[in-house]
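The structure under discussion appears below in the form of structure tokens.
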Amino acid sequence: MPKTLFPTLSRLRLAVQIAMLFVTVYGSVIVGNYMADKISSALPALSCAYDQMNGGYCMLVPTQHIIHHRIGEAVVRAQQITFQMVLPLLMTFVSFFAFFFVLGKTFCGWVCPLGTLQELIGKLGRRLGFGLRRFEEGDLGGVKRLRPVKWLILLGLVFVLPLLTGLGVTPHSLGNPFCDICPSRVATTLLTGNTEQLALRLGDNVSFGLGAIANLLVGFVLVGALAIRQPFCRICPLLAMNAVFQRLSPMRLKKKMHDNCGKCGICSEACPMDIPEIAKEEGRKAYHEDCTLCGRCAEYCPQDGTIQIKWGPFALFSSRREYYKRKVKGELPDGTVKPVKFVRNAARPAADSVDA
Amino acid sequence: MKSILVPLGLLMAGGAAAQHEHHAPAAAAAAAAQAARPAAPAWTQQPLLLPARAARGERAAATLRPLGLAAARVTVFAADGPAERLKVDYSVGPEGARIEPAAPKIGNYHWVVAREESGAGVRIASAAWYFGNPGASPRELLKAPKHELEIVPEPLPREHASYRESEKWRFLVRLNGQPLPGQPLTLETESGSRSTFVTDAAGFATVLFPRDFKPAAAGEDAGHGPRRAAFVLSTGKEADGRRYLTAFNHTYGQDGDRNRSLGWGAMFGLAGMAAAVPLLRRRNKGDNGHA
């Protein structure tokens with residue numbers, strides 16, 4: 001039965017993503033209204049606290065708030081940085097890690113609502129025949145140039161600016177700057193029919209500017225995802241945060257070298273994050289900071305057991321030649337799907353046989 | 001005509017005098033109780049629990065001042081914490097009652113009650129206070145009866161949210177734990193609005209918050225989040241030979257759409273879309289050799 005419903009890892013992932021999209025955007029109808037009812041207030045996915053119907057919060061929300069309101073303000077009051085003061089931040093990280101330990105970076109590839117939206121738009125783009133654009137030499141340029149951006153956003157917008165605001169150095173409107181530019185805030189609240197987050201705040205230039213950046217990003221992501229896979233994930237600070245902890249979770253990607261590695265490059269082509277290292281490297285280098293553990297590289301590797309998704313000692317999925325052959329018949333590594341063919345009179349022989 | 005009006009007037013005056021005579025002790029008690037009360041603010045005569053301005057960053061305690069009723073203490077009900085801290089009385093000082101969460105690291109909503117009993121009846125001020133730490137959901141706290149006549153928010157605004165102008169919220173009115181159908185519930189706001197709602201068969205009233213914020217004065221600091229103002233819901237009921245008056249006060253915020261522009265928002269969204277359009281121009285070449 002599960003094999004009939006989910007014949008491929010991709011199909012299983014799509015089902016999980018859609019279920020998680022519901023939980024992260026509308027989950028309050030199941031879990032309850034209040035914060036204490038939520039799955040967590042420190043999820044390793046962009047589940048937005050501004051969405052009034054969500055089932056859990058992204059961990060970047062409490063991180064910014066605690067740095068701004070607790071640490072920054074306490075330093076202003078000339079206290080020592082005590083354990084009690086950083087305890088809320090520590091608790092946020094403990095809650096985050098409790099989830100992250102079990103599922104690791106699958107939160108990016110399987111749970112994140114913005115990741116799912118981008119992927120669904122990408123599927124639509126392939127269906128509509130928009131050519132795939134990749135971050136590689138000869139197209140949009142090497143992906144390596146883009147990689148530092150997520151670290152800069154994590155450092156600058158999640159840690160430094162909230163702290164400076166708590167210290168009173170920067171204006172109050174820079175208290176949670178990442179949330180203010182986050183396209184998930186706009187996209188997920190729009191999914192609940194709420195246009196408030198799309199509307200820009202007037203009368204405060206900083207808030208207006210941050211909101212304008214969020215809207216530019218969400219517009220770019222919604223259209224750009226037709227041609228580029230996962231455009232926002234590449235600069236997402238939560239991907240960077242998850243990358244910090246990725247070696248501490250038993251959930252991981254494991255790759256061993258095969259003679260063909262680096263030659264066929266199919267795994268890299270299948271990777272929605274355009275990670276070239278997956279084709280060329282092995283071990284820790286292959287499980288790259290940009291990996292979202294979506295598992296497409298393992299699905300499209302034609303060599304038995306070369307790429308695996310593992311949880312501790314258990315291989316949850318291993319690349320297999322037979323699986324690859326079956327998979328590639330339905331969808332090419334870059335996501336292009338075979339056009340649906342309508343076969344004229346396809347039902348006639350069956351009907352004839354019934355008549356006979 | 002005059003011959004009819006004079007006896008009628010005398011009759012009414014007599015009736016009023018008789019009524020006055022009958023309720024004289026109660027009226028005297030009411031007058032005495034009123035004299036002992038800290039004055040309510042100008043916008044309402046209902047009992048209130050209003051917070052004093054907290055020092056910046058102070059989240060471990062709050063000072064609430066009973067107004068419009070003479071209460072020697074306030075009682076704080078918690079949803080979680082040590083058994084002896086689930087219901088705690090705090091005495092009211094000159095500045096009000098300084099209340100604390102059930103435990104230093106337990107936050108979330110706490111239910112606060114101040115009570116005045118006199119020969120005139122029972123006046124109750126109730127409020128929900130949010131302490132900025134994680135804590136148990138207030139669902140069970142709201143479900144449990146805490147005094148005779150209650151106005152129970154169903155639900156309270158969740159964290160990062162608030163009551164707001166133009167929104168509808170449900171409140172349950174109950175007496176001794178039982179819902180009260182057909183009970184009038186009056187809303188008064190700091191901005192001067194007043195409206196009355198009636199509970200349905202299940203005891204719920206759907207309250208519409210009026211759009212009554214005045215434009216911000218020039219140079220007024222918008223602060224963190226939308227502007228807020230106080231409101232109070234009140235209801236009264238005669239039961240067991242006593243007159244109960246209960247009020248629930250909280251704050252509501254300015255409509256989120258005020259001082260926001262959907263037009264500007266949509267324009268930047270469309271600009272972002274336009275910036276991505278060049279990416280779509282290269283069409284798929286079709287054959288990439290993996291089929």
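Reminder, nothing fancy here: chain letters follow the sequence lines and each chain counts from 1.
Counting heavy atoms from C-beta on, the side chains of B:L279 and A:L140 come closer than 4.5 Å.
For chain A, the nearby parts of B:A271 are the backbone and the side chain; heavy atoms of each come within less than 4.5 Å.
A:R133 contributes atom CZ, which lies 9.5 Å from atom CZ of B:R281 (distance to the nearest 0.5 angstrom). For the atom pair B:S137 OG and A:M35 CE, the distance stands at 11.0 Å (nearest 0.5 Å). Rounding to the nearest 0.5 Å places CG of A:D37 at 4.0 Å from CZ of B:R139. Taking CZ from B:R158 and CG from A:N54, the interatomic distance works out to 4.5 Å, rounded to the nearest 0.5 Å. Within the model, atoms CG of B:L280 and CG of A:L226 stand 5.5 Å from one another, a figure rounded to the nearest 0.5 Å. Atoms CG and CE, on A:L216 and B:M267 in that order, are 8.5 Å from each other to the nearest 0.5 Å.
Nearest heavy atom pair, residue B:A161 against residue A:Q52, reads CB-OE1, 3.2 Å. A:Y34 and B:P157 get closest at one heavy-atom pair: CE2-O, 4.4 Å. Closest approach of A:N33 and B:L156 over heavy atoms only: ND2-O, 3.3 Å. Of all heavy-atom pairs between B:A276 and A:G224, the closest is CB-N, 3.5 Å.
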